[in-house]
Participant: 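Below you'll find the structure I mean.
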Amino acid sequence: MVGERKIEDMNQGGDIHLPTRNIAEPSFGFGRGGDREFVLPGNREYLRGDRIARPDRANDSEGRAGKGSGESTDDFVFSLSREEFLTIFFDDLELPRMTRSQLGAAEHLKSTRAGYATEGSPANLSVTRILTHSLSRRIALKGVLKQKTAALETSLAAAVREDRPADAAAEIIAAIEVLLARVGGLPFLEEIDLRYRNRVLRPAPIARAVMFCMMDVSASMDETKKDLAKRFFTLLHLFLKRKYQQVELIFIRHTEDAEEVDEAVFFHDLKSGGTVVLPALELTEKIRRTRYAEGWNVYAAQASDGDAFGSDPARCARFLRETFLPAASYYAYIELTPEQTYHFSNLWMEYKILATESENFAMRRASRRENIYPVFRELFSREGT
Amino acid sequence: MNAPLSTDSEWTFELLENYDTAIARSAREYGLDTYRNQIEIITSEQMLDAYASTGLPVLYPHWSHGKEFIRNAQAYRGGQQGLAYEIVINSDPCIAYLMEENTMAMQALVIAHACYGHNSFFKGNHLFRQWTTADGIVDYLQFSRRYVMACEERHGAAEVEAVLDACHALMPHAVDRYRRPAPLSLKVEAARLTEREHHRERQINDLWRTLPTRERPTESRSTSNFPSEPQENLLYFIEKNSPRLEPWQRELVRIFRKLAQYFYPQSQTKVMNEGWATFWHYTLLNRLHEDGLVTDGFMLEVLKSHTNVIFQPKFESPAYSGINPYALGFAMFSDLRRICESPEAEDRSWFPAIAGSDWKKTLDFAMRNFKDESFITQFLSPRLIRELRLFAVADQSSEKDLRVDSIHDEAGYRRVRTLLARQYCVDERVPDIQITRFNRDADRSLTLQYKQLRGRPLSEAAEEVLRHVHYLWGFPVHLEMRDLDDTVLLRQDCAA
């Protein structure tokens with residue numbers, strides 16, 4: 001599907017064609033061959049004994065003959081919206097080795113729970129807290145009143161014992177009744193019981209990442225290879241835009257020298273020239289140092305046909321090994337090769353050594369449109385790398 | 001002269017009832033015997049849904065139904081395919097689904113077609129009488145649907161799907177062709193189900209394992225072939241004998257078998273059933289028109305869809321996809337009526353028994369006692385062969401080209417008729433595959449045998465089907481192709 005589409009349409013929804021056989025419901029049936037007869041309607045010129053050349057696909061069970069066109073088995077088609085399409089497309093992919101350690105700028109605040117407050121919006125009322133408070137308030141107030149009642153009851157008993165006048169006893173009884181009424185009248189809930197869940201905004205660690213896209217646009221990259229490279233980067237672009245809000249993309253293209261370009265130029269401009277890879281790496285490193293030195297996850301993807309000459313490949317490899325890779329999270333190299341070639345480019349050979357040494361370096365080859373997506377998946381699959 | 005029942009194209013429930021009464025009256029006059037009718041109005045979306053489950057809205061869930069749904073929905077929305085008039089369930093009362101969007105004329109057409117045409121066919125035709133139980137089917141379908149869903153919950157949807165997939169692959173071979181099945185009754189079935197399950201669970205009582213084993217005199221077990229006769233109902237044999245199936249899986253297979261059996265007559269009477277229903281909606285509505293109950297505009301609309309339905313493309317047209325059962329069936333019943341009412345000399349010599357007889361009785365006799373194959377053998381007239389310009393083509397593996405075997409002429413009538421009838425014979429569509437051997441004493445392998453008919457091989461799908469059989473059986477499965485002299489021509493194994 002990725003292979004069939006124009007680059008611009010890559011993120012549209014679309015129809016998925018499943019070959020009918022994948023969801024066929026098999027049953028025992030007759031194959032071609034053997035003897036049989038079949039009856040057809042609408043005869044015009046045939047007489048008994050006439051011969052009709054066998055149609056190429058006499059296989060169909062309906063028994064079509066004569067000029068009958070072959071049976072066309074339609075693919076089974078269903079439609080996906082853009083969202084569904086992209087979700088399936090990038091399912092299970094991620095940027096490897098992403099760390100969430102950096103404290104971001106002020107606008108990246110995360111709201112977190114922070115205890116309880118005495119005021120807030122009704123939506124934040126915390127019922128359990130309120131009930132706890134109400135209960136303890138009632139216990140506390142009831143305790144005081146109970147103590148007073150107990151004291152009065154002792155004095156009442158003393159008065160009875162000492163045979164005081166009835167007036168005094170009646171006075172005490174009245175006081176006790178007042179106290180008991182106060183116990184009964186304690187409110188279940190009071191304003192001071194109310195508690196609200198409190199939330200505050202705190203700066204949260206976020207994962208920030210920068211992706212360097214390096215594309216070789218030299219003359220040796222013919223139309224097909226450029227198309228492949230652009231497809232690869234389009235996928236990468238879509239993938240990052242979709243999955244990560246905090247990813248910056250830097251587009252670099254190079255011939256014998258490198259330049260930083262914007263998205264439109266990167267994907268649509270036609271420029272050509274010779275090939276030297278190293279300047280592109282150096283430019284990448286320069287940009288990284290000046291703009292993304294601290295607190296960034298650094299990723300890089302390079303697409304090239306691997307045509308590099310002289311000492312260039314070796315110097316590239318050394319540069320990556322010594323300077324760039326230690327600071328980077330992940331480096332993906334995709335080499336675009338003609339079909340069915342067993343020849344490995346100079347750059348490939350040098351990088352090969354690099355790949356065995358470094359964990360954060362991966363490389364793949366692709367030669368056809370259909371390869372791009374699988375290769376992409378391999379490079380960014382969750383379990384791989 | 002009566003006043004028309006309605007002049008508008010909109011329908012209301014009252015109008016539906018009036019039309020139904022009028023159609024019922026003329027149907028009675030023609031002597032149609034039907035089950036009671038239950039008419040339901042549904043939307044086109046629901047109709048597509050019902051399509052997907054082979055016309056049975058209460059069928060168990062399976063992915064192939066979803067696939068059907070999408071296929072039909074696309075064809076419908078894309079305008080390549082209109083929805084069928086109706087869906088009608090062979091049950092008592094006979095349930096017919098009408099589409100909400102239809103005009104009054106279409107609704108009347110559908111009522112005549114389904115509620116009186118199909119309905120009387122279900123009630124009268126001997127195959128339906130013999131193989132299906134109209135009063136129990138809806139209950140049984142609901143029971144099976146519940147059971148399948150319960151299994152999905154208990155054992156996982158994937159497990160259930162695997163079993164059903166395998167069953168679907170063997171659907172044409174899940175039928176007893178010559179024995180009437182016991183009538184389906186929900187209560188009895190449910191009771192038997194629980195009993196069977198309990199019985200099987202008792203069999204696996206773990207205590208038995210702890211009993212000391214006694215040395216038994218080793219008898220040499222009989223090495224005779226099992227089963228003693230080849231079995232053509234593959235799923236039945238598998239259900240009863242599979243060494244691997246769990247009790248609930250056996251039940252699924254059993255339920256599937258019962259349903260396959262229920263659908264069996266439909267596939268054998270396609271031409272007759274549709275032809276009969278089409279003939280009657282045509283006749284009944286024309287009768288209403290004669291009586292002045294419907295307007296000319298109504299009739300034109302009816303005739304337009306009627307013509308679409310019985311359209312038969314020529315063999316060389318791109319639209320050709322086999323003989324249209326509606327066209328053939330309608331033509332045959334109409335022709336039969338003509339032979340009875342105004343026979344010609346040719347008809348008298350070909351059909352001495354029915355030429356000039358009472359057409360209602362003759363049609364009723366034909367509807368009751370035949371299936372497609374025998375119906376064509378018996379009643380396809382030379383005149384109709386000429387009208388349809390039928391001709392037969394022979395495809396012999398020994399010859400380079402196809403050969404025109406016979407055409408619509410004096411010498412060819414009988415041959416064309418026989419060959420057309422044979423086209424509707426089950427053996428012509430479903431290869432004859434039987435279970436010949438269950439190797440109980442050794443590797444428990446199962447041997448299927450395909451008796452080759454006129455040198456025709458099996459299609460490639462056989463390998464796939466064999467894998468499904470293997471899934472149900474659990475031990476090696478072999479498929480042998482033998483010619484009529486019993487020589488093994490080809491052997492396929494599935495042991496993985």
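Reckoned from all heavy atoms, side chains included, excluding hydrogens, waters and symmetry mates. A note on names: the letters A, B, ... follow the listed sequences, proteins ahead of strands, and every chain is numbered from 1.
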Participant: To the nearest 0.5 Å, tell me how far A/Arg36 CZ sits from B/Gln423 CD.
Facilitator: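 Answer rounded to 0.5 Å: 8.5 Å.
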Participant: Give, as side chain, backbone, both or neither, the part of B/Arg467 having an atom under 4.5 angstrom from any heavy atom of chain A.
Facilitator: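 Neither the backbone nor the side chain of B/Arg467 comes within 4.5 Å of chain A.
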Participant: Where does B/Arg415 contact chain A at under 4.5 Å (heavy atoms): side chain, backbone, both or neither?
Facilitator: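 Contact with chain A: side chain only.
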Participant: Would one find more than 12 heavy atoms of other residues, nucleotides or ligands at under 6.0 Å from atom CD of B/Glu387?
Facilitator: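 Yes, because the 6.0 Å sphere around CD of B/Glu387 holds more than 12 heavy atoms from other groups.
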Participant: Please determine if B/Arg403 and A/Glu37 form a salt bridge, counting it only when a charged side-chain N lies under 4.0 Å from a carboxylate O.
Facilitator: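 Not counted as a salt bridge, because no side-chain N and carboxylate O are separated by less than 4.0 Å.
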Participant: Mind checking the CD1-OH spacing from B/Ile407 to A/Tyr46? Nearest 0.5 Å is all I need.
Facilitator: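 OH of A/Tyr46 is found 12.0 Å from CD1 of B/Ile407.
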Participant: With only heavy atoms counted, which part of B/Leu458 is less than 4.5 Å from chain A, the side chain, the backbone, both or neither?
Facilitator: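 Both parts, heavy atoms under 4.5 Å.
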Participant: For B/Glu316 and A/Gly42, work out which heavy atoms get closest and say how close.
Facilitator: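 Taking B/Glu316 first and A/Gly42 second, the nearest heavy atoms are OE2-O, 4.3 Å.
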Participant: So do the side chains of B/Glu399 and A/Arg51 get within less than 4.5 Å of each other, counting heavy atoms only?
Facilitator: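 With C-beta onward as the side chain, the pair touches.
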Participant: Looking at every non-hydrogen atom in both residues, tell me the closest pair between B/Ala411 and A/Arg48 and how far apart they are.
Facilitator: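 Smallest heavy-atom distance, with atoms named: CB-NH1, 4.1 Å.
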Participant: Determine, stepwise, if the pair B/Val393 / A/Leu40 fulfils side-chain contact (heavy atoms from CB on, under 4.5 Å).
Facilitator: CA-CA 8 Å; B/Val393 178; A/Leu40 299 166; 4.0 Å; yes
Participant: Let me know if B/Glu460 has heavy atoms under 4.5 Å from chain A in its side chain, its backbone, both or neither.
Facilitator: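 Neither part.
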Participant: Holding to salt bridge (Lys or Arg N to Asp or Glu O under 4.0 Å), I want the full list of residues that pass it with B/Glu428, two or more places apart in sequence or in another chain.
Facilitator: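 Checked B/Glu428 against salt bridge (Lys or Arg N to Asp or Glu O under 4.0 Å); matches are B/Arg456.
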Participant: Would you compute the distance between atom CG of B/Asp405 and atom CZ of A/Phe38 and round it to the nearest 0.5 angstrom?
Facilitator: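 The CZ atom of A/Phe38 is 10.5 Å from CG of B/Asp405, to the nearest 0.5 Å.
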Participant: Heavy-atom distance under 4.5 Å between the side chains of A/Phe28 and B/Leu479, does that happen here?
Facilitator: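 The answer is yes; the side chains approach within 4.5 Å.
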Participant: Considering only heavy atoms and a distance below 4.5 Å, find which of B/Pro172, B/Ser406, B/Ala462, B/Ala327 pairs most often with chain A.
Facilitator: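 Between B/Pro172, B/Ser406, B/Ala462, B/Ala327, the count favours B/Ala462.
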Participant: Does the B/Glu464 side chain pair with the main chain of A/Ser27, one donor and one acceptor, at a distance under 3.5 Å?
Facilitator: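 Not at all, since once roles are kept as given, no pair shorter than 3.5 Å links the two residues.
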Participant: Please report the shortest heavy-atom distance between A/Ile52 and B/Asp401, naming the atom on each side.
Facilitator: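 For A/Ile52 versus B/Asp401, the nearest heavy atoms are O-CB, 3.3 Å.
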Participant: Counting only heavy atoms closer than 4.5 Å, note whether B/Leu419 contacts chain A via side chain, backbone, both or neither.
Facilitator: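 Answer is both: backbone and side chain atoms of B/Leu419 are under 4.5 Å from chain A.
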Participant: Between CD1 of B/Ile385 and CG of A/Asn43, what distance do you get to the nearest 0.5 Å?
Facilitator: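 The distance works out to 12.5 Å.
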Participant: Just wondering, are more than 12 heavy atoms of other shown residues or ligands nearer than 6.0 Å to CZ in B/Arg414?
Facilitator: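 At most 12 heavy atoms, drawn from other residues, nucleotides or ligands, come within 6.0 Å of this atom.
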Participant: Given side chains that start at C-beta, do those of A/Pro26 and B/His468 come closer than 4.5 Å, heavy atoms only?
Facilitator: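 Sidechains of B/His468 and A/Pro26: in contact.
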Participant: By salt bridge (Lys or Arg N to Asp or Glu O under 4.0 Å), which residues pair with B/Arg417, not counting sequence neighbours?
Facilitator: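 Checked B/Arg417 against salt bridge (Lys or Arg N to Asp or Glu O under 4.0 Å); zero matches.
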Participant: Should we count NZ of B/Lys314 as having more than 12 external heavy atoms under 6.0 Å?
Facilitator: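 For B/Lys314, atom NZ is not crowded (no more than 12 foreign heavy atoms under 6.0 Å).
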Participant: What's the separation between atom CG in A/Asp50 and atom CZ in B/Phe391, rounded to the nearest 0.5 Å?
Facilitator: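 With rounding to 0.5 Å, CG (A/Asp50) is 10.0 Å from CZ (B/Phe391).
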Participant: Compare all side-chain heavy atoms of B/Val416 with those of A/Val39 and state whether any distance is below 4.5 angstrom.
Facilitator: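 SC-SC contact between B/Val416 and A/Val39 confirmed.
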Participant: Return the minimal non-hydrogen interatomic distance between B/Ser397 and A/Asp35, and the atom names on each side.
Facilitator: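 Here B/Ser397 and A/Asp35 meet closest at N-OD1, 3.0 Å.
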Participant: Do A/Phe30 and B/Pro457 come close enough that some side-chain heavy atom pair is under 4.5 Å?
Facilitator: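 No, their side chains stay 4.5 Å or more apart.
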Participant: Which distance, rounded to the nearest 0.5 Å, do you find between the CZ of A/Arg44 and the CZ of B/Phe315?
Facilitator: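 Nearest 0.5 Å value for the CZ-CZ distance: 7.0 Å.
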